[in-house]
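Every chain is numbered from 1, with letters handed out A, B, ... down the list of sequences. These figures come from a predicted structure and were not determined experimentally.
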There are 2 protein chains.
Amino acid sequence: MNTDLSPLATPSPAPEPAGPQVAPAFSPLYQQIKALLLRSLQSGEWKPGEPIPSEVDLATRFRVSQGTVRKAIDELAAENLLLRRQGKGTFVATHAEQRTQFRFLRLHSDLGHLDPSGPAQRRILSCQRLRAPADVGLALGLRAGDTVVQVQRVLSFQDVPTILEQLWLPGDPFKGLTLKVLTEHQGPMYALFESEFGVRMVRADERIKAVAADAEAAAGLALAPGTPLLSVERLAYTYHDQPMELRRGLYRTEHHHYRNQLS
Amino acid sequence: MNTDLSPLATPSPAPEPAGPQVAPAFSPLYQQIKALLLRSLQSGEWKPGEPIPSEVDLATRFRVSQGTVRKAIDELAAENLLLRRQGKGTFVATHAEQRTQFRFLRLHSDLGHLDPSGPAQRRILSCQRLRAPADVGLALGLRAGDTVVQVQRVLSFQDVPTILEQLWLPGDPFKGLTLKVLTEHQGPMYALFESEFGVRMVRADERIKAVAADAEAAAGLALAPGTPLLSVERLAYTYHDQPMELRRGLYRTEHHHYRNQLS
DNA sequence: GAGTGGTCTAGACCACCTT
DNA sequence: AGGTGGTCTAGACCACTCC
């Protein structure tokens, strides 16, 4: 009904003064609910891994029907921000679970499904704070002179160094990130970001090219210069499409491949 | 209600004899409706680009509520098999539209959004029927000795040969596919497959590696041997996860990149 | 105005999990 | 038994498109 008894703003039925209307900007109720849920997620009211209130609770809180809340949650679940578990509740998605452990890593072994399930040895090469290079600052939406944390690391599969990557994070939200913290932490790096810095990576774009290994890459991955490598540049976003990480990786693909699903 | 008045099989409430139950295999009504819609799509009862019956029509036909039909269609639309257009109807998705023209081609220009929107010159190098090589036959689920159609072509962007690819199709469904047909056809190849052979590619898996151009690739793309190239191997499926095309492509990435979205 | 998909509601019942 | 998400229904109304 979109009745005005609702606590929510109901933009469309409001009789606006005549004039050049730009766009009616009709927004369904469930979209408004979705935005409210998103705000609670971003503010940390509900933390990764924890359950959010039940559908009936939310329905009474927002003064809408359960079906409307349901549709809002459906969309958030489809975007992998929430996780529904029948009989138990709805939970804030996290990178700290076995199931979603390597959701953003698309490199798989050519052999059977002996994928990077073997947790892949990680070695941190460096972690330092510095002024953002121009391209990095631009990608992360920082101002000139802002500081970033730069991390370099190597991932190995079965003792073969396979991924050499470099990543940049905005200095402000990642204040306490040091080599010690990174080295001592177990589990996925994105899980560390969640638990220690309250930053949850929600989606990412990747750009992939084929390049020849230069001297530095050859040294880092212990292979001959000129070897073809996948260059994977990732820009990862947190809630509300805010860029939070730039990552540049070089992948060996003699025995691995980058897997993608099209639909 | 899942009542027995329904014309559909209602597996779960059927009182089965006691014994070692394997799996209750509860299947919601809307999933059964979805399967029926899928069957009509596969059989060609509704063709790509055409509208399917309205939700109310389908609801009365299947003796269920509109909401149940709606949920079935929702899922098919989410999988890009159907396309909803408010006020007009629901249509069978097709590769012959501007909007979905290059849905499966992930190579983009490094510059602004001057992507492969420029329709990219296509040149067919060859088209021949031959016995399926072992790996191809395996991927396509063919029997030993079955014939396949093999096509080779080059795609150029702004007169620069950029993609060299080779593809194999099962000989049986693609009986009349000749070099003449391929050369004279305008528009995406997958649109040709739909209109001339009734085969609609629904989803695909890609495996990506970095390789060095060999002599043949160097000749085909007019570049120096050893140049790093993206190797993209695609297995494309039609309805019901049936593999229908194997494609191996080599992409130049000096001025282009393969784009991927993670979520 | 008629037809289509899109939203919203209220209520019933089912399947799954915990206690 | 009681709570949670999941399914299904019936009906009302809204937004969009076409005639």
Side-chain angles (χ1 to χ4, degrees), chain A residues 1-8 10-14 21 23-35 37 46 50-78 82-92, chain B residues 1-8 10-15 21 23-35 37 46 50-78 82-93:
Chain A
M1 293 256 298
N2 219 355
T3 165
D4 282 341
L5 296 176
S6 159
L8 302 163
T10 54
S12 61
Q21 302 281 334
F26 164 73
S27 168
L29 241 190
Y30 77 89
Q31 288 288 4
Q32 304 175 37
I33 304 294
K34 184 182 170 186
L37 296 177
W46 309 316
E50 292 180 356
I52 71 173
S54 76
E55 294 180 355
V56 278
D57 281 1
L58 292 170
T60 57
R61 173 191 303 195
F62 295 136
R63 314 278 216 110
V64 298
S65 82
Q66 184 184 351
T68 300
V69 170
R70 192 168 177 75
K71 183 147 189 182
I73 293 180
D74 275 344
E75 291 207 352
L76 292 171
L82 294 177
L83 187 63
R84 320 191 74 143
R85 282 192 261 173
Q86 186 175 50
K88 302 185 72 171
T90 301
F91 300 78
V92 182
Chain B
M1 292 257 298
N2 219 356
T3 165
D4 283 343
L5 297 176
S6 160
L8 302 163
T10 54
S12 63
Q21 303 281 333
F26 164 74
S27 167
L29 241 191
Y30 77 88
Q31 287 288 3
Q32 303 175 38
I33 304 293
K34 185 182 170 187
L37 297 177
W46 310 316
E50 292 179 356
I52 71 172
S54 76
E55 292 179 357
V56 277
D57 281 0
L58 291 170
T60 58
R61 174 192 300 197
F62 295 136
R63 314 279 214 109
V64 300
S65 81
Q66 185 185 348
T68 300
V69 170
R70 193 170 177 72
K71 183 146 189 181
I73 293 180
D74 275 344
E75 290 207 351
L76 292 171
L82 294 177
L83 187 62
R84 321 191 74 143
R85 281 192 261 174
Q86 186 174 46
K88 303 185 73 172
T90 300
F91 299 78
V92 182

Whole-Å distance separating the [atom1] atom of [X] from the [atom2] atom of [N]:
| X | N | atom1 | atom2 | value |
| --- | --- | --- | --- | --- |
| B:Glu55 | C:dT7 | CD | C1' | 12 Å |
| B:Phe26 | C:dC13 | CZ | C1' | 11 Å |
| A:Arg63 | C:dT9 | CZ | P | 12 Å |
| B:Tyr30 | C:dC14 | OH | P | 18 Å |
| B:Leu29 | C:dA12 | CG | C1' | 15 Å |
| B:Leu82 | C:dG6 | CG | P | 11 Å |
| B:Phe91 | C:dG3 | CZ | C1' | 12 Å |
| B:Gln66 | D:dA12 | CD | C1' | 12 Å |

Within 45° cone of A:Phe91 ring axis and under 6.0 Å: A:Arg84 NZ or CZ: no
Tell me, with the steps shown, if B:Leu83 and B:Val92 meet side-chain contact (heavy atoms from CB on, under 4.5 Å). CA-CA 6 Å; B:Leu83 187 62; B:Val92 182; over 6 Å; no
Check whether any side-chain N or O of [X] sits under 4.0 Å from OP1 or OP2 of [N], and answer yes or no.
| X | N | result |
| --- | --- | --- |
| B:Arg85 | D:dC16 | no |
| A:Ser54 | D:dT4 | yes |
| B:Lys71 | D:dT7 | yes |
| A:Thr68 | C:dT7 | no |
| A:Thr90 | D:dG5 | yes |

Report which part of the nucleic acid A:Arg70 touches: base, sugar-phosphate, or nothing (heavy-atom distance under 4.0 Å, all strands). base
Nucleotides 17-19 of chain C: which of its N/O atoms have a protein N/O under 3.5 Å away?
from: C:dT18; atom 1: OP1; to: A:Lys88; atom 2: NZ; distance (Å): 3.4

The single option from B:Leu82, B:Ile52, B:Thr90 that satisfies side-chain contact (heavy atoms from CB on, under 4.5 Å) with B:Leu76 is B:Leu82
Return the nearest nucleotide to the side chain of B:Arg84; candidates are C:dG6, D:dG5, D:dC8. C:dG6
B:Ser65 side-chain proximity, nearest of C:dG5, D:dT7, D:dT9: D:dT9
For A:Ile73 and A:Ile33: C-alpha separation, side-chain torsions, deciding distance, then whether side-chain contact (heavy atoms from CB on, under 4.5 Å) applies. CA-CA 9 Å; A:Ile73 293 180; A:Ile33 304 294; over 6 Å; no
Polar side-chain atom of A:Glu75 near backbone of A:Lys34 as donor-acceptor pair, under 3.5 Å: no
Can you work out whether B:Ile52 or A:Gln31 has the more 5'-proximal nearest nucleotide on DNA chain C? B:Ile52
For A:Glu50, which residues count as a side chain to side chain contact (heavy atoms under 4.5 Å, CB included) partner, sequence neighbours excluded? A:Lys47
I'd like to know whether B:Thr68 forms a side-chain contact (heavy atoms from CB on, under 4.5 Å) with B:Phe62, so could you lay out the CA-CA distance, the side-chain angles of the two residues, the decisive distance to 0.1 Å, and finally the verdict. CA-CA 10 Å; B:Thr68 300; B:Phe62 295 136; over 6 Å; no
